There are 2 protein chains.
Amino acid sequence: MSDNLASKITDSELEVMKLLWHASDALPVTDIREQLQRSKGWEPATIKTLISRLVSKGVARQEKRNVYYYSPVISEKEYSSWATKDLITRIYNGKASDLIASLVSSNGLSKDDIAELREMFKVEE
Amino acid sequence: MSDNLASKITDSELEVMKLLWHASDALPVTDIREQLQRSKGWEPATIKTLISRLVSKGVARQEKRNVYYYSPVISEKEYSSWATKDLITRIYNGKASDLIASLVSSNGLSKDDIAELREMFKVEE
DNA sequence: TTGCTTAAGCTACAAATGTAAACTGCTTTT
DNA sequence: AAAAGCAGTTTACATTTGTAGCTTAAGCAA
């Protein structure tokens with residue numbers, strides 16, 4: 001999802017990507033289907049469509065074993081940092097600190113978050 | 001854009017909202033059209049559609065003067081913090097500090113940002 | 001007052017998205 | 001081998017989004 005990737009991952013597709021990201025290895029449709037059917041109540045057909053679209057978009061890849069196995073092409077980190085930068089560009093005029101200021105002022109940060117952040121921005125360089 | 005608001009503001013619509021947010025008072029279509037025609041190259045018809053959709057979505061309001069004047073129903077702050085929380089929910093599993101960690105590790109923060117943040121998380125409580 | 005301009009409202013239409021059925025050809029089972 | 005099941009592919013269809021035209025009525029310039 002460098003900036004060259006045109007199409008975003010949609011909400012439904014993201015659910016599939018999350019599975020792929022959290023799997024230790026490529027997954028066969030069976031596994032993907034099973035989990036999403038349970039967690040989302042989607043029909044097998046729906047799940048197959050989402051998988052295909054991810055492959056067309058180039059964010060997941062299929063690998064022929066006996067049956068196809070699927071794995072992510074972009075990592076969760078790559079995607080989430082892309083999505084974050086996209087948000088900053090679109091609504092914070094490119095100022096990352098404005099995003100954080102907004103979080104602070106809207107009470108979007110838990111005590112734990114704040115503790116972690118204080119740690120994060122303390123001695124490090 | 002409390003959580004009760006179903007439909008998001010789309011990218012094109014956001015451009016209109018930005019104008020409304022940055023205006024000191026309600027704006028007549030004339031003004032909106034003029035600016036967006038210049039900055040975005042959109043046809044008047046397009047701009048009118050976007051305005052109507054914002055009104056239907058309940059995020060902008062029209063007020064009859066002589067001609068209608070438009071103003072935001074939700075503030076830019078409300079929207080941006082909603083969008084940020086939405087991002088955190090969707091891709092950071094609800095952990096705001098993960099978002100910030102991601103920004104840090106992906107070099108999404110400028111020197112200035114970091115300085116501001118260090119300030120922000122220093123003595124305040 | 002008589003047009004010209006153009007808000008407002010309605011309609012349009014392609015692409016993207018959410019959701020899913022139909023078809024086709026392997027695999028596996030009996 | 002014949003039948004059953006399901007992966008992969010194709011097609012479908014409603015809704016949302018991006019983009020814009022047409023129509024009607026009203027305000028303004030001449």
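Throughout, a chain's letter reflects where its sequence line sits, starting with A, and its residues are numbered from 1. As the structure is a computational prediction, the values presented were derived from the model and not from experiment.
- Residue A:Y70 is in sugar-phosphate contact alone, with no base atom involved, counting any heavy-atom pair closer than 4.0 Å across all strands shown.
- At whole-Å resolution of the value, CD1 in B:I51 and P in C:dA8 are 8 Å apart.
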Measure all distances between protein nitrogen or oxygen atoms and nitrogen or oxygen atoms of nucleotides 23-28 of chain D, and list the pairs falling under 3.5 Å.
none

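- Separating the CZ atom of B:R61 from the P atom of C:dA8 is a distance of 15 Å, rounded to the nearest angstrom.
- For the pair B:V73/B:V55, no side-chain contact is recorded, criterion being any heavy-atom separation below 4.5 Å from C-beta on.
- A donor-acceptor pair is defined here as one N or O able to donate and one able to accept, closer than 3.5 Å; no such pair exists between the side chain of A:Q35 and the backbone of A:I32.
- Under the 4.5 Å side-chain criterion, counting only non-hydrogen atoms from C-beta, B:L50 is in contact with B:W42.
- When heavy atoms are screened at a 4.0 angstrom cut-off, B:T10 is found touching the sugar-phosphate backbone but no base atom.
- The separation between A:D11 atom CG and D:dT16 atom C1' is 13 Å, rounded to whole Å.
- In this structure, B:K57 places its NZ atom 12 Å from C1' of D:dT15, rounding to the nearest Å.
- B:D113 and B:S110 are linked by a side-chain donor-acceptor pair at a separation below 3.5 angstrom, with hydrogens and angles left out of the test.
- Taking the side chain as every heavy atom from C-beta outward, A:S71 and A:E63 approach each other to under 4.5 Å.
- Checking the phosphate oxygens (OP1, OP2) of C:dA20, a side-chain nitrogen or oxygen of A:T46 falls inside 4.0 Å.
- The distance between atom CG of A:L50 and atom P of D:dT9, rounded to the nearest whole Å, is 15 Å.
- For A:S97 and A:Y92, the side-chain atoms include no donor-acceptor pair closer than 3.5 Å.
- For the helix from C:dT1-D:dA30 to C:dT30-D:dA1, the axis fitted to the five pairs at one end and the axis fitted to the five pairs at the other end meet at an angle of 10° (nearest 10 degrees).
- In this model, the phosphate group of C:dT17 is not approached by any side-chain N or O of B:K8 to a distance below 4.0 Å at OP1 or OP2.
- Within the 4.5 Å cutoff, the side chain of A:L99 has heavy atoms near those of the B:T84 side chain.
- Taking the side chain as every heavy atom from C-beta outward, A:R53 and A:T49 approach each other to under 4.5 Å.
- Within residues 14-37 of chain A, no residue has any heavy atom closer than 4.0 Å to DNA chain C.
- With contacts defined as side-chain heavy-atom distances shorter than 4.5 Å, the pair B:I9/B:I74 qualifies.
- Between the CD atom of B:E43 and the C1' atom of D:dG18 there is a distance of 13 Å, given to the nearest Å.
- Between the side chain of A:K85 and the backbone N or O of B:S106, at least one donor-acceptor pair lies under 3.5 Å.
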- Item | Derivation of the side chain to side chain contact (heavy atoms under 4.5 Å, CB included) call for B:E13 and B:K57 | CA-CA 11 Å; B:E13 289 164 0; B:K57 289 185 178 184; 2.8 Å; yes
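- One atom, NZ of A:K64, and another, P of D:dA7, lie 12 Å apart when rounded to the nearest Å.
- B:K95 places a side-chain heavy atom less than 4.5 Å from the side chain of A:E116.
- A donor-acceptor contact under 3.5 angstrom links the side-chain atoms of A:R53 to the base of C:dT19.
- Here B:S12 reaches the OP1 or OP2 of D:dT19: one of its side-chain N or O atoms lies under 4.0 Å away.
- Atom CD1 in B:I47 sits about 11 Å away from atom C1' in D:dT19, given to the nearest Å.
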